[in-house]
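Contents: one structure, followed by commentary.
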Amino acid sequence: MIHMKILIAPLITAARADAAYLITRTLSDLLSYRQNAVAVSTAKASSISSAALYEAAVLKKPRFAAAGLSSYEEWLYSAGAVSEDYLKKDTECLLNAIDHFHPDVIIVIDRIAGVIAARIRGIPCVPLISSSMYRNSSFPARVLLGTNRALSHYGFEQVFRIHRIYDWCIARAVFGPIQLQPLPMEINARRFGTVSVIRSLPEKAEGVYIYFSQLGMKTNVIRKMILDTFEGAPYQIYVRADGIESEKHGNIHFLSAMREDLLARTAVCIHDGNDYICQVCACAAVPQLIISDHSYGRTANALAARRYGFGLLADEDDLSVASLYENYRRLISDSRIQEGAEAIRDEIISLGDFEDFYRFLDSIVRAR
């Protein structure tokens with residue numbers, strides 16, 4: 001018996017690598033396991049085995065990107081996700097998916113057209129929001145021209161910030177404790193500890209997990225730096241980095257895909273600010289070294305790690321063999337960082353996990 005029909009509409013900017021993809025995969029697997037019908041609107045390159053696949057419009061980056069990437073709007077603009085042409089095409093893709101799949105509810109991850117299509121068809125919509133969306137950063141007026149033209153095309157009101165579009169939805173959800181995801185007091189959102197399932201801690205955490213999907217460094221440079229830093233160490237290193245194929249060099253394992261089971265058992269995680277990776281680490285009390293370039297989506301987690309003591313922040317411009325190893329040594333030698341990681345895990349446990357989110361979705365569908 002199918003309990004619910006759920007359409008997930010993520011904005012995936014790095015196939016099978018970014019936070020939107022990892023969150024979507026986790027939700028799809030957990031929802032389908034509970035006898036729900038799940039569909040995902042995305043490119044074929046990011047299809048998920050536990051979900052039906054529906055077409056998504058192709059992102060096309062603008063010729064001239066926004067000067068900075070500190071705001072949510074600039075990040076979307078630089079990805080090509082707020083142009084009039086893209087939004088119209090993507091809305092039609094999602095309307096077709098709705099008309100064919102007939103979802104009970106739509107989960108949106110940074111996908112504006114998902115909200116537009118849900119509003120047109122009168123389908124309950126739940127966007128997954130983050131604190132970074134609400135940063136009061138200025139941006140050029142041209143960034144929202146395409147979005148507002150598309151909204152006018154469908155007869156909807158104009159917006160001055162993208163997060164206002166999510167106010168049209170029946171409810172908003174945020175994953176992570178307030179230390180990781182602080183929201184303005186006026187934002188009405190349901191908060192959950194983690195999108196995944198909270199598991200018991202391993203008897204002994206060992207090794208290092210490295211996840212890079214956003215570094216602005218050449219692949220061969222990243223690979224050499226990791227090898228020069230950790231090859232021959234008396235512990236295992238697991239690496240998932242875009243462009244590096246699956247291979248093994250002694251104690252270093254380059255992986256072809258994200259391995260959450262390995263990450264949750266390691267002593268340290270080094271990553272570049274990915275929301276999902278940060279959340280998995282926090283849930284498993286794994287100390288984190290977060291490499292930041294101070295752009296949207298990478299800064300907030302790094303600052304939170306430093307502020308609340310569950311990890312360290314390092315600047316991408318200063319990343320080298322020496323700095324990577326020195327920060328690793330600081331992580332494993334400072335007991336206060338481990339204590340900070342355990343404190344964040346306790347906060348997550350108090351807020352609940354996927355089971356609570358599932359009941360939340362079920363209540364929305366039952367109220368239709």
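For clarity, every value in this text was computed on a predicted model and none was experimentally measured. The figures here come from the full heavy-atom set of this structure, side chains too, leaving out hydrogens, waters and symmetry mates.
Residue Leu263 is not grouped with residue Ile210 when hydrophobic side chains (ILVMFWY) are merged at heavy-atom distances under 4.5 angstrom, including chains of intermediate members.
Looking at Tyr134 and Glu186, their side chains never bring a donor and an acceptor atom within 3.5 Å of each other. Donor-acceptor pairing under 3.5 Å is recorded for the side chains of Ser131 and Gln181. Between the side chains of Ser295 and Asp293, at least one donor N or O lies within less than 3.5 Å of an accepting N or O. A donor atom on one side chain and an acceptor atom on the other are found under 3.5 Å apart for Arg111 and Ser41. Ser28 and Ser50 are linked by a side-chain donor-acceptor pair at a separation below 3.5 angstrom, with hydrogens and angles left out of the test.
Using the six-membered ring where Trp is involved, Tyr296 and Tyr72 have ring planes that are tilted, between 30° and 60° apart. Note on ring orientation: taking the six-membered ring where Trp is involved, the planes of Tyr211 and Tyr209 are parallel (angle under 30°, cut-offs 30° and 60°). Classification of the Phe192-Phe175 ring pair by plane angle, with boundaries at 30° and 60°, yields tilted. Ring geometry for Tyr325 against Tyr328 counts as tilted: the plane angle lies between 30° and 60°, on a 0 to 90° scale. Note: Phe254 and His249 have perpendicular aromatic rings, judged against thresholds of 30 and 60 degrees for the angle between ring planes.
Using a 4.5 Å heavy-atom cutoff, the side chains of Phe357 and Val195 are not in contact. For the pair Gln236/Arg265, no side-chain contact is recorded, criterion being any heavy-atom separation below 4.5 Å from C-beta on. Between Tyr358 and Asn36 there is a side-chain heavy-atom pair separated by less than 4.5 Å. Counting only heavy atoms from C-beta outward, the side chains of Ile6 and Asp104 never approach each other to under 4.5 Å. Between Arg259 and His253 there is no side-chain heavy-atom pair separated by less than 4.5 Å. With a 4.5 Å cut-off on side-chain heavy atoms, Val239 and Ile222 do not count as touching. Counting only heavy atoms from C-beta outward, the side chains of Lys204 and Glu206 approach each other to under 4.5 Å.
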Q) Does the pair Tyr235 and Val268 meet the rule for a side chain to side chain contact (heavy atoms under 4.5 Å, CB included), with working shown? A) CA-CA 11 Å; Tyr235 42 82; Val268 164; over 6 Å; no

Q: Dump the intermediate steps for side chain to side chain contact (heavy atoms under 4.5 Å, CB included) on Glu73 and Leu144, then the final yes or no.
A: CA-CA 7 Å; Glu73 288 78 8; Leu144 285 186; 4.1 Å; yes

(Q) Evaluate Asn301 against Ile277 for side chain to side chain contact (heavy atoms under 4.5 Å, CB included), listing each step before the verdict. (A) CA-CA 10 Å; Asn301 290 327; Ile277 302 299; over 6 Å; no

Q: Could you give me the CA-CA distance, side-chain angles and deciding distance for Leu201 and Arg345, then say whether side chain to side chain contact (heavy atoms under 4.5 Å, CB included) is met?
A: CA-CA 10 Å; Leu201 296 179; Arg345 172 179 161 84; 3.6 Å; yes

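In this structure, the separation between OG on Ser320 and CD on Glu326 is 10.5 Å, given to the nearest 0.5 Å. How far OG1 of Thr194 is from CD1 of Ile349: 11.0 Å, rounded to the nearest 0.5 Å. The structure places CZ of Phe310 at 5.5 Å from CD1 of Ile290, a figure rounded to the nearest 0.5 Å. Rounded to the nearest 0.5 Å, atoms NZ (Lys5) and CD1 (Ile106) are 12.0 Å apart. Taken to the nearest 0.5 Å, the OH atom of Tyr86 stands 8.5 Å off from the CD1 atom of Ile112. How far CZ of Arg119 is from CD1 of Ile165: 10.0 Å, rounded to the nearest 0.5 Å.
When every heavy atom of Val126 is checked against every heavy atom of Ile170, the shortest pair comes out as CG2-CG2, 4.4 Å.
Judged purely by atom type and a 3.5 angstrom limit, Gln288 has no side-chain atom pairing as donor or acceptor with the backbone of Ala305. When atom types are taken as modelled, the side chain of Asn251 and the backbone of Ala233 share a donor-acceptor pair closer than 3.5 angstrom. Remark: side-chain polar atoms of Asp334 are not paired, donor with acceptor, to backbone N or O of Leu331 under 3.5 angstrom. Although no hydrogens or angles enter the test, the distance criterion places a donor-acceptor pair under 3.5 Å between the side chain of Asp315 and the main chain of Asp317. Not one N or O on the side chain of Arg223 forms a donor-acceptor pair closer than 3.5 Å with the backbone of Lys218. Under the 3.5 Å distance criterion, the side-chain polar atoms of Ser323 are matched with a main-chain donor or acceptor of Asp318.
The existence of a salt bridge linking Glu347 and Arg191 is excluded, since no basic side-chain nitrogen approaches an acidic carboxylate oxygen closer than 4.0 Å. Note on Glu92 versus Lys88: no salt bridge recorded, every NZ/NE/NH1/NH2 to OD/OE distance being 4.0 Å or above. A salt bridge is absent between Arg359 and Asp362; no separation between the charged side-chain nitrogens and carboxylate oxygens falls under 4.0 Å.
Under the side chain to side chain contact (heavy atoms under 4.5 Å, CB included) test applied with Gln214, the options Thr13, Asp18, Asn274, Ile291 reduce to a single match, Asn274.
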